[in-house]
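Reviewing the structure listed below.
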Amino acid sequence: PPSQHKKGLVWPDGRVRSNWNAHVTSVGRLSSSGPNLQNIGNRKGQGRLKTIFAAPTGRMLIGADLDQAHLRIIANYWKIPMLLEAFVEGKDPHNTLAHATFGKAFEDATGWGVEGFDLSRKPTGGRAKSMRDVAKTLRYASIYGANPTTVWQVITSTETDDAELPYLKMSIREVRHMHQTWLETEPEWAEQWKRMMKLYEQRGHIDEPVFGRRSGSLSDGKLNEVVNYPILAAESSLMRVAEHRVMEAFPFGFAGPGTGMIHQCHDSITVEVPEAMAEKAAKTLEECMTINPPNWNIPVTAEGDYGRTLKDV
């Protein structure tokens with residue numbers, strides 16, 4: 001019986017089953033345990049662990065995740081002009097921030113390949129990739145009101161996929177300069193933080209912009225929690241929409257036992273399908289996870305792939 005299966009034990013049919021917890025997080029994200037399949041990332045060697053979870057013979061896994069979900073939600077909700085422009089014009093938002101921060105040094109850096117500098121294309125390596133990566137880390141560490149010291153701590157401790165710490169030696173002075181340049185380039189962030197704090201003080205709660213779910217007390221008005229809640233909660237709501245669409249397109253057991261949606265982790269979904277339909281099914285999954293809520297300027301899109309293991313997708 002299921003009650004006899006201990007944490008991490010493979011069931012007699014060769015599958016691993018996680019327990020979904022009845023109580024979700026404050027922003028509405030799901031959580032799991034026994035084992036916690038949502039806590040297996042790509043970094044710190046965990047990517048290799050994902051290869052353990054593989055489709056059986058004759059089956060493939062298809063997977064997709066939301067493209068830069070937080071930034072797309074913020075662009076729609078907080079109306080950040082530079083973000084909106086980047087997504088509308090097909091530019092990479094981390095490239096635009098790196099360019100605003102480093103200027104011509106970013107254009108002339110190695111890593112752009114024979115085609116040269118292009119704000120819409122990610123650099124493949126070299127100095128340009130390092131500049132983009134540090135700009136990306138800076139933005140994600142800063143967008144919820146963190147101070148430069150906290151941002152410096154995040155940047156200097158952020159690992160790459162190969163477990164390296166490329167920004168370990170960055171000084172707090174360098175990070176403070178980058179942080180200030182970012183705020184000067186995109187002043188709308190600080191303006192929106194002030195607006196959110198004022199709204200919270202007036203109402204005592206914040207509504208997320210997809211389903212309108214209300215927050216709780218949010219640590220009695222702590223800045224990073226007040227501005228963080230509507231974005232993470234909106235991501236969770238978008239994933240609920242995506243999950244229902246996916247389950248309609250790929251009902252559980254639609255092509256035999258085990259087929260259908262088998263894994264959901266934050267902004268990604270994995271489905272098991274017959275091998276012959278993998279490529280077409282990956283496109284269908286992308287369509288299911290592309291969502292355009294009413295009155296949003298840009299849609300939340302998804303990128304799908306297929307492969308044998310969870311690591312592949």
Side-chain angles (χ1 to χ4, degrees), residues 65-109 111-112 116-123 127-148 150-152 154-155 158 167 170 174-199 208-210 223-224 226-232 234-235 238 267 290-293 295-303:
D65 58 3
L66 303 181
D67 296 327
Q68 298 175 324
H70 288 202
L71 293 186
R72 286 178 178 268
I73 294 168
I74 287 170
N76 284 294
Y77 183 52
W78 287 348
K79 309 298 183 185
I80 306 294
M82 186 171 283
L83 281 184
L84 287 170
E85 177 186 328
F87 288 123
V88 169
E89 297 183 3
K91 299 174 183 176
D92 177 81
H94 305 309
N95 275 353
T96 60
L97 179 57
H99 192 238
T101 303
F102 300 110
K104 196 171 187 306
F106 185 54
E107 298 179 25
D108 297 338
W112 291 107
F117 168 75
D118 187 343
L119 285 175
S120 63
R121 181 168 45 81
K122 300 176 186 178
R127 183 67 176 163
K129 184 178 184 302
S130 295
M131 289 178 171
R132 180 188 180 275
D133 286 347
V134 76
K136 176 181 177 180
T137 303
L138 171 81
R139 172 170 267 150
Y140 280 128
S142 303
I143 58 178
Y144 301 119
N147 60 50
T150 300
V151 175
W152 171 74
V154 172
I155 287 177
T158 297
Y167 317 115
M170 283 191 72
E174 290 176 295
V175 173
R176 187 180 290 114
H177 174 72
M178 289 181 61
H179 191 263
Q180 186 61 33
T181 300
W182 169 65
L183 288 177
E184 291 172 356
T185 304
E186 303 176 15
E188 296 82 9
W189 294 93
E191 294 169 6
Q192 289 294 347
W193 298 338
K194 291 178 182 178
R195 184 183 69 84
M196 296 297 294
M197 290 298 292
K198 185 176 181 180
L199 191 63
E208 60 92 354
V210 179
L223 172 63
N224 69 318
V226 170
V227 300
N228 179 280
Y229 172 80
I231 309 307
L232 286 185
E235 179 197 46
L238 290 171
D267 65 349
T290 296
I291 304 169
N292 195 356
N295 302 317
W296 283 32
N297 296 77
I298 54 173
V300 177
T301 59
E303 185 174 353

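Just so we're clear, the structure is a prediction, and the values are computed from it rather than from any experiment.
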Check the surroundings of atom CZ in Arg121: do more than 12 heavy atoms from other residues, nucleotides or ligands lie under 6.0 Å from it? yes

When rounded to the nearest 0.5 Å, the distance separating CD of Glu191 from CD1 of Ile80 is 8.0 Å

What do you reckon, are the aromatic ring centroids of His94 and Tyr140 less than 6.0 Å apart? yes

Flag, side chain of Arg72 to backbone of Leu83, donor-acceptor distance under 3.5 Å: no

Taking all non-hydrogen atoms of both residues into account, name the closest pair between Trp152 and Met170 and its distance. NE1-O, 2.8 Å

Around Lys122, counting heavy atoms of other residues, nucleotides and ligands shown, do more than 12 lie under 6.0 Å from its NZ? no

Assess, by modelled atom type and distance only, whether the side chains of Trp189 and Glu186 contain a donor and an acceptor separated by less than 3.5 Å. yes

Is the closest side-chain donor-acceptor distance between Gln192 and Glu188 under 3.5 Å? no

With rounding to the nearest 0.5 angstrom, report the CG to CG distance, Asp267 to Asp67. 9.0 Å

Validation row: Thr101, Phe106 side chains within 4.5 angstrom (heavy atoms): no

Kindly check if the number of other-residue, nucleotide or ligand heavy atoms within 6.0 Å of NZ (Lys194) is above 12? no

Any non-hydrogen side-chain atom of His99 less than 4.5 Å from a side-chain atom of Phe117? yes

Can you tell if the side chain of Leu232 reaches within under 4.5 Å of the side chain of Glu208, non-hydrogen atoms only? no

Does any N or O in the side chain of Thr137 come within less than 3.5 Å of the main-chain N or O of Val134, such that one atom is a donor and the other an acceptor? no

Could you tell me if the side chain of Glu107 sits less than 4.5 Å from the side chain of Trp112, heavy atoms only? no

Looking at Val227 and Gly145, what are the two nearest heavy atoms and their distance? CG2-N, 4.5 Å

Test side-chain contact (heavy atoms from CB on, under 4.5 Å) on Tyr77 and Met196; report intermediate values, then the result. CA-CA 11 Å; Tyr77 183 52; Met196 296 297 294; 3.6 Å; yes

Arg132 bridged to Asp92 by N-O distance under 4.0 Å: yes

List the atom of Trp193, the atom of Ser142, and the distance in Å for their closest heavy-atom pair. CZ2-O, 3.3 Å

Full working for side-chain contact (heavy atoms from CB on, under 4.5 Å) between Tyr229 and Asn224: CA-CA 8 Å; Tyr229 172 80; Asn224 69 318; over 6 Å; no

Does one side chain, of Ser130 or Asp133, offer a donor that lies under 3.5 Å from an acceptor on the other? no

Mind checking the CD-NE2 spacing from Glu184 to His179? Nearest 0.5 Å is all I need. 11.5 Å

Please report the closest heavy-atom contact between Pro209 and Pro230, naming both atoms and the distance. CD-O, 3.4 Å

Could you work out, with ring-ring contact (aromatic ring centres under 6.0 Å, His included) as the rule, every residue matching Tyr144, not counting sequence neighbours? none

Answer whether the closest heavy-atom distance between the side chains of Pro293 and Leu238 falls below 4.5 Å. yes

Rounded at 0.5 Å granularity, tell me how far CD in Glu85 sits from CE in Met82. 7.0 Å

Contact check, side chains of Ile298 and Asn76, non-hydrogen atoms, under 4.5 Å: yes

Go through the steps to decide whether Glu235 and Val210 satisfy the test side-chain contact (heavy atoms from CB on, under 4.5 Å), and finish with yes or no. CA-CA 9 Å; Glu235 179 197 46; Val210 179; over 6 Å; no

Please answer whether the main-chain N or O of Lys91 pairs with a side-chain N or O of Glu89 as donor and acceptor at a distance below 3.5 Å. no

Just wondering, are more than 12 heavy atoms of other shown residues or ligands nearer than 6.0 Å to CD in Glu303? no

Heavy atoms of Gln68 and Phe87 approach each other most closely as OE1-CE2, 3.3 Å

Does some side-chain heavy atom of Pro123 sit less than 4.5 Å from a side-chain heavy atom of Asn95? yes

Should Leu138 and Val151 count as side-chain neighbours, where that means a heavy-atom distance under 4.5 Å? yes

Compare every heavy atom of Leu97 with every heavy atom of Ala135, then report the nearest pair and how far apart it is. O-CD2, 3.4 Å

Using 0.5 Å steps for rounding, measure from the CD1 atom of Ile231 to the CD1 atom of Ile143. 7.5 Å

